[in-house]
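Notes to accompany the following structure.
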Amino acid sequence: MASTDRIEKRVTLRAPVSRVWRAIADAREFGRWFGIELEGEFVAGKTLTGIFGEELNEAAIIDYQKSRGLRPSKVKLPEKGAVFCTVERIEPERYFSFRWIPYGIDAEADPDNEPTTLVEFRLEGVAEGTLLTIVESGFDRVPAHRRERAFRMNEGGWAAQAENIAKYVESV
């Protein structure tokens with residue numbers, strides 16, 4: 001693997017920056033396309049808790065891990081009240097970032113002691129609508145036994161989430 005530290009996804013969305021911004025920076029809207037019910041609002045320096053809206057299909061996730069050449073691990077849903085993320089910065093209609101435990105549903109993750117990665121959303125107006133760049137960095141700090149799995153699962157996850165947000169903002 002060339003680099004385990006940074007994932008970058010770019011997607012051009014056929015929606016104005018203001019619409020994409022709302023989908024990212026409003027916690028309720030974020031939860032709709034991301035698949036999590038967040039409790040509270042995104043505020044710089046604050047943590048948000050949340051619960052997944054649906055059960056996880058552990059067998060399918062393990063099969064997916066194997067298909068990516070990974071040593072599979074069991075998964076666990078975060079308990080009610082578990083921290084989803086801590087908001088870093090909010091620059092309206094331009095930049096939003098938070099920290100979280102990468103691939104946090106990994107049963108081998110240690111939420112009390114594990115380092116976080118930084119997730120950044122950058123928005124730029126383009127002729128077609130909005131260029132959204134999603135970057136997650138800091139995987140080199142993830143414990144070695146989880147690093148490749150966290151990186152590769154989140155890499156696939158962000159590809160899917162880029163499709164989810166496109167469907168969400170382009171359907172209105």
Side-chain angles (χ1 to χ4, degrees), residues 1-13 17 20-52 65 68 70 73 75-79 81-125 130-166 168-169:
M1 203 157 64
S3 171
T4 59
D5 194 55
R6 178 184 169 94
I7 296 166
E8 182 171 324
K9 302 291 180 193
R10 292 172 162 245
V11 60
T12 300
L13 305 169
V17 169
V20 176
W21 176 254
R22 208 168 56 249
I24 291 169
D26 179 285
R28 281 185 277 301
E29 287 205 35
F30 182 98
R32 286 184 195 120
W33 61 266
F34 195 87
I36 190 165
E37 186 177 326
L38 295 170
E39 298 170 7
E41 295 298 325
F42 290 131
V43 176
K46 300 291 182 180
T47 60
L48 254 73
T49 61
I51 55 171
F52 283 96
Q65 290 176 35
R68 298 202 46 128
L70 298 168
S73 71
V75 297
K76 65 177 178 189
L77 280 173
E79 295 179 13
V83 171
F84 171 73
C85 71
T86 302
V87 177
E88 286 276 311
R89 282 183 20 217
I90 302 172
E91 297 175 18
E93 298 197 5
R94 193 185 87 67
Y95 180 87
F96 174 69
S97 65
F98 60 76
R99 292 191 161 279
W100 70 351
I101 295 174
Y103 190 49
I105 63 170
D106 187 336
E108 294 180 20
D110 179 0
D112 294 328
N113 297 302
E114 192 146 329
T116 58
T117 52
L118 178 65
V119 176
E120 302 171 279
F121 298 88
R122 288 182 165 76
L123 288 74
E124 179 183 338
T130 304
L131 173 62
L132 172 62
T133 304
I134 304 167
V135 175
E136 183 172 4
S137 60
F139 287 92
D140 285 351
R141 295 177 45 228
V142 174
H145 72 282
R146 276 192 5 90
R147 186 175 303 136
E148 183 178 11
R149 185 170 50 245
F151 179 88
R152 299 201 46 208
M153 293 302 287
N154 280 24
E155 183 177 50
W158 284 120
Q161 293 297 4
E163 291 177 18
N164 288 346
I165 193 170
Y168 183 76
V169 299

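Since the structure is predicted, the reported quantities are computational estimates derived from the model, not experimental observations.
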**Item:** Six-ring centre of Y95, R89 cation under 6.0 angstrom, axis tolerance 45°
**Value:** yes
**Prompt:** Which heavy atom in V11 sits nearest to a heavy atom in A162, and how many Å separate them?
**Reply:** CG1-CB, 4.2 Å
**Message:** Can you tell whether the side chains of E124 and R122 come within less than 4.0 Å, N to carboxylate O?
**Reply:** no
**Lys/Arg-Asp/Glu bridge criterion (N-O < 4.0 Å) met for E108, R146** = no
**Message:** For R141, is there an ion pair with E114 - N to carboxylate O distance below 4.0 angstrom?
**Reply:** no
**Item:** Within 6.0 angstrom of E88 CD, more than 12 heavy atoms from elsewhere
**Value:** yes
**Prompt:** For R28, does the CZ atom have more than 12 heavy-atom neighbours from other residues, nucleotides or ligands under 6.0 Å away?
**Reply:** no
**Request:** Provide the closest heavy-atom pair for E120 versus S137 in the form atom of the first, atom of the second, distance.
**Result:** OE1-OG, 4.5 Å
**Request:** Specify whether F84 and F98 have parallel, tilted or perpendicular ring planes, treating 30° as the upper limit for parallel and 60° as the lower limit for perpendicular.
**Result:** tilted
**Message:** I need the R6 CZ to T117 OG1 distance, nearest 0.5 Å.
**Reply:** 12.5 Å
**Message:** As an exercise, state the distance from OG1 of T12 to CG of L131, rounded to the nearest 0.5 Å.
**Reply:** 5.0 Å
**Request:** Could you label the plane-to-plane angle of the W158 and W100 rings as parallel, tilted or perpendicular, counting under 30° as parallel and over 60° as perpendicular?
**Result:** tilted
